[in-house]
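Because the structure is predicted, anything quoted here is derived from the model rather than measured.
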Amino acid sequence: MQNSKLGLDFNKVAHAKDVARKIADDVQKFVEQYSTVAVERTLCRLLGIDGVDANTVPLPNVLVDEIKDKGVLSQGILFFLGNTIVETGMDPQQIAEKVAEGQLDMTTLPVHPMDKIKAALKPYVDASIKRISDRRAKKENYLKTIGEGPKPYLYVIVATGNIYEDVVQAQAAARQGADVIAVIRTTGQSLLDYVPYGATTEGFGGTFATQENFRIMRKALDEVGEEVGRYIRLCNYCSGLCMPEIAAMGALEGLDVMLNDALYGILFRDINMQRTLVDQFMSRVINGFAGVIINTGEDNYLTTADAVEQAHTVLASDLINEQLALIAGLKEEQMGLGHAFEMDPSLENGFLLELSQAQMTREIFPKATLKYMPPTKFMTGNIFRGHIQDALFNMIGIWTSQGIQLLGMPTEAIHTPFMSDRYLSIENAKYIFGNMKNIGDEVEFKKDGIIQSRAKEVLDNAIALLENIEREGLFTALEKGIFGDVKRPKNGGKGLDGVAAKGANYYNPFIELMLNNN
């Protein structure tokens with residue numbers, strides 16, 4: 001039996017995970033019956049289809065919109081692509097280009113037997129699986145040969161809008177000591193129902209996530225990693241309407257970390273819950289197979305809800321996210337489950353409550369590469385107080401053995417941080433992580449004191465919430481605003497028209513191949 005510094009009852013923890021598993025299983029019964037335009041575009045990309053048409057519409061969108069507009073999306077894009085390969089002898093890229101030029105209608109061709117369709121697709125499917133496997137092997141070879149920084153990984157952000165300027169800032173951050181570079185997406189990209197093409201040099205609040213941008217940044221981080229003698233991880237975002245597509249692009253180009261939450265898009269971007277829950281499964285299967293660590297977004301709940309009163313919703317969501325991730329084949333070590341240091345700094349004993357939360361999350365998810373988020377809600381223009389808040393956050397990060405420490409910046413409440421601000425934040429974390437390296441091994445908590453009592457209370461409240469969600473179902477719970485005080489209708493939000501029940505000819509071999517080979 002695992003020991004608990006907090007005096008947690010692990011029978012209760014096991015019960016909480018069992019209830020969360022039932023919730024996830026119920027969701028999965030729905031997921032398996034449906035596909036989405038994003039999933040189908042993902043399959044196009046995995047077959048090697050890339051590029052844009054004369055109107056700069058991505059070819060995966062051209063193909064999938066074609067079958068959607070003709071009312072046959074439910075049969076799936078691979079049925080039509082495979083049948084067209086058998087009929088014409090063209091490869092998937094050639095087919096996409098002919099459809100884009102208006103010279104081919106896949107839906108009017110004679111239908112061939114399913115075994116021939118599957119056989120025609122197999123070389124392209126196998127090539128995609130091999131490409132992702134080779135990319136993962138390259139990363140693992142780097143980790144074996146040049147190694148990486150210790151946990152908690154120092155995670156910092158670049159967000160210039162220009163991928164080439166991002167490269168300069170990312171390499172500088174790696175030289176300063178960063179372990180993970182997150183390229184923030186441009187504002188609103190999660191609501192685009194397509195992925196932009198090529199390298200981009202303009203973006204507001206961040207840089208577009210594109211496959212070429214991924215390639216450029218991965219190459220730059222490999223170069224600086226060899227220079228500094230440790231592997232530098234690359235993070236981007238596959239949340240939003242293109243969740244599985246961006247996951248596939250990241251897998252092909254060697255990303256290491258992906259923001260990939262089952263509920264974030266529903267709650268904070270008003271994306272339809274049916275669409276998101278189908279998309280998250282496919283995206284997580286890909287991330288699991290590619291060896292990517294997923295980051296979930298529970299920290300966002302505490303930007304709209306009180307961190308003291310609603311802490312149990314963060315834990316409940318972590319537990320549900322964990323179970324959905326396990327269904328998709330993700331290992332526990334690949335789960336960057338989210339939580340945050342977001343209590344009002346004027347709160348008496350707030351540090352003790354934050355310490356309790358972080359220790360509780362570590363004990364309940366002992367193998368997870370937990371992602372710990374810095375204070376943002378109560379950051380102000382007072383950079384000196386902000387730097388102290390970040391120092392307290394860093395103390396808890398090392399004390400409770402977090403996996404990924406997203407470093408706060410003293411000026412983040414004022415403007416996009418300068419390179420010098422990033423240096424100060426890395427210096428802050430390295431100083432504290434070194435000076436307090438083994439504090440978690442040395443310090444015990446008072447029996448039934450503030451820290452222990454708080455953790456037990458949060459766990460009990462999370463269990464009660466999960467039991468309520470199990471009775472009602474996750475869809476109904478989301479409609480009632482159970483997470484982050486945000487209510488979303490089951491048939492509302494963006495992207496519902498891109499969801500289709502799977503038809504008789506539906507075929508997607510990637511899920512089984514990736515699950516079996518992870």
Whether Arg136 side chain and Phe289 backbone form a donor-acceptor pair below 3.5 Å: yes

Main chain of Gly149, side chain of Arg230: is a donor-acceptor contact present, judged purely on distance under 3.5 Å? no

Donor-acceptor contact present, side-chain Thr210 to main-chain Ala199, <3.5 Å: no

Which atom pairs, donor and acceptor, lie under 3.5 Å between side-chain atoms of residues 267-281 and protein residues at least two apart or in another chain?
| unit_1 | atom_1 | unit_2 | atom_2 | d |
| --- | --- | --- | --- | --- |
| Arg269 | NE | Ser190 | OG | 3.4 |
| Arg269 | NH2 | Tyr264 | OH | 3.0 |
| Asn272 | OD1 | Gln274 | N | 2.9 |
| Asn272 | OD1 | Arg275 | N | 3.0 |
| Asn272 | ND2 | Lys490 | O | 2.7 |
| Asn272 | ND2 | Gly492 | O | 2.8 |
| Gln274 | NE2 | Lys490 | O | 3.1 |
| Gln274 | NE2 | Asn491 | OD1 | 3.0 |
| Arg275 | NE | Asp279 | OD2 | 3.0 |
| Arg275 | NH1 | Gly495 | O | 3.1 |
| Arg275 | NH2 | Asp193 | OD1 | 2.8 |
| Arg275 | NH2 | Leu241 | O | 2.9 |
| Thr276 | OG1 | Asn272 | O | 3.2 |
| Asp279 | OD1 | Thr36 | OG1 | 2.5 |
| Gln280 | NE2 | Leu277 | O | 3.1 |

Taking all heavy atoms of Pro374 and all of Asp390, pick out the closest pair and write down the distance. CB-OD1, 4.2 Å

With side chains defined as the heavy atoms from C-beta onward, is the minimum distance between Val156 and Ile181 less than 4.5 Å? yes

Short side-chain to backbone donor-acceptor contact, Asp299 and Gly338, under 3.5 Å: no

What orientation do Phe351 and Trp399 show, parallel under 30°, tilted 30 to 60°, or perpendicular over 60°? tilted

Minimum side-chain heavy-atom gap Val168-Thr160 below 4.5 Å: no

Should the pair Lys22-Asp18 be classified as a salt bridge under the 4.0 Å nitrogen-to-oxygen rule? yes

Quick one: CD on Glu332 to CD on Glu322, what's the gap to the nearest 0.5 Å? 5.5 Å

Over 12 non-hydrogen atoms of neighbours within 6.0 angstrom of CZ in Phe378: yes

For a quick check under 3.5 Å, do Glu148 and Tyr142 share a side-chain donor-acceptor pair by atom type? no

For Ser346 and Asp344, does a side-chain donor sit closer than 3.5 Å to a side-chain acceptor? yes

Gap between atom CG of Leu255 and atom CG of Asn287 - 0.5 Å precision: 9.0 Å

Using the side chain to side chain donor-acceptor pair (under 3.5 Å) criterion, which residues pair with Asn461? Sequence neighbours excluded. none

Less than 4.5 Å apart, side chain to side chain, heavy atoms only: is that true for Leu352 and Phe445? no

Met335 side, atom CE; Phe365 side, atom CZ - distance, nearest 0.5 Å: 9.0 Å

Can you list the steps and then say if Ile364 with Leu319 is a side chain to side chain contact (heavy atoms under 4.5 Å, CB included)? CA-CA 9 Å; Ile364 291 174; Leu319 287 159; 4.1 Å; yes

Given the rule in the side chain to side chain contact (heavy atoms under 4.5 Å, CB included) test, do Asn295 and Leu406 qualify, once you have shown the distances and angles that lead to the verdict? CA-CA 11 Å; Asn295 285 347; Leu406 198 160; over 6 Å; no

Is Asp256 salt-bridged to Arg218, going by a charged N under 4.0 Å from an acidic O? yes

Could you check Arg131, Arg45, Lys138, Arg135 and say which one makes a salt bridge (Lys or Arg N to Asp or Glu O under 4.0 Å) with Glu253? Arg131

Between Val183 and Tyr237, which heavy-atom pair has the shortest distance, and what is it? O-CE1, 3.7 Å

Salt bridge flag under 4.0 Å for residues Asp222 and Lys219: no

Using the side chain to side chain contact (heavy atoms under 4.5 Å, CB included) rule, take Met360 and Arg454 through it: C-alpha gap first, then chi angles, then the decisive distance, then the call. CA-CA 9 Å; Met360 175 195 68; Arg454 171 64 177 170; over 6 Å; no

Inter-residue atom distance Lys331.NZ - Ile293.CD1, 0.5 Å rounding: 12.5 Å

Rounded at 0.5 Å granularity, tell me how far OG1 in Thr145 sits from OH in Tyr231. 11.0 Å

In terms of heavy-atom contacts, Ala170 and Val158 come closest through N-CG1, 3.8 Å

Using a 4.5 Å cut-off on heavy atoms from C-beta on, say whether the side chain of Val486 contacts that of Tyr301. no

Examine distances only and state if a side-chain atom of Arg233 and a backbone atom of Ala182 form a donor-acceptor pair shorter than 3.5 Å. no

Using only atom types and a distance under 3.5 Å, with no angle test, would you say the side chain of Thr42 pairs donor to acceptor with the backbone of Ala38? yes

Nearest heavy-atom approach of Pro417 to Thr411 is CA-OG1, 3.8 Å

Ignoring hydrogens and angles, tell me if any N or O in the side chain of Gln189 forms a donor-acceptor pair with the backbone of Ala209 under 3.5 Å. yes

Short side-chain donor-acceptor distance under 3.5 Å, Arg385 and Gln389: yes

Whether over 12 other heavy atoms sit under 6.0 Å from Lys430 NZ: no

Which one of Ile23, Val27, Asp261 satisfies the side chain to side chain contact (heavy atoms under 4.5 Å, CB included) criterion with Leu324? Val27

The test is side chain to side chain contact (heavy atoms under 4.5 Å, CB included); show your working for Gln405 and Tyr155 and say whether it passes. CA-CA 6 Å; Gln405 191 87 350; Tyr155 176 124; 5.9 Å; no

Checking side-chain polar atoms at under 3.5 Å, does Asn428 have a donor or acceptor matched by the opposite partner on Asn394? yes

Is the closest side-chain donor-acceptor distance between Ser356 and Gln452 under 3.5 Å? no

Any sub-3.5 Å donor-acceptor pair from Thr201's side-chain atoms to Asn162's backbone N or O? no

Between the side chains of Arg284 and Asn321, does any donor sit under 3.5 Å from an acceptor? yes

Glu298 and Thr296: side-chain donor and acceptor closer than 3.5 Å? yes

Short side-chain to backbone donor-acceptor contact, Ser283 and Pro244, under 3.5 Å: no

Could you check if a side-chain atom of Leu263 sits within less than 4.5 angstrom of a side-chain atom of Leu474, using non-hydrogen atoms only? yes

Salt bridge (charged side-chain N to carboxylate O under 4.0 Å, His left out) between Lys12 and Asp460, worked out: CA-CA 8 Å; Lys12 285 186 177 182; Asp460 286 344; 2.9 Å; yes

Say whether Asn213 and Thr200, considering side chains only, have a donor N or O and an acceptor N or O under 3.5 Å apart. yes

Between Lys456 and Asp448, does any NZ, NE, NH1 or NH2 come within less than 4.0 Å of an OD or OE carboxylate oxygen? yes

From OG (Ser425) to CD1 (Ile157), nearest 0.5 Å: 10.5 Å

Do any N or O atoms from the side chain of Glu342 and from the backbone of Lys377 form a donor-acceptor pair under 3.5 angstrom? yes

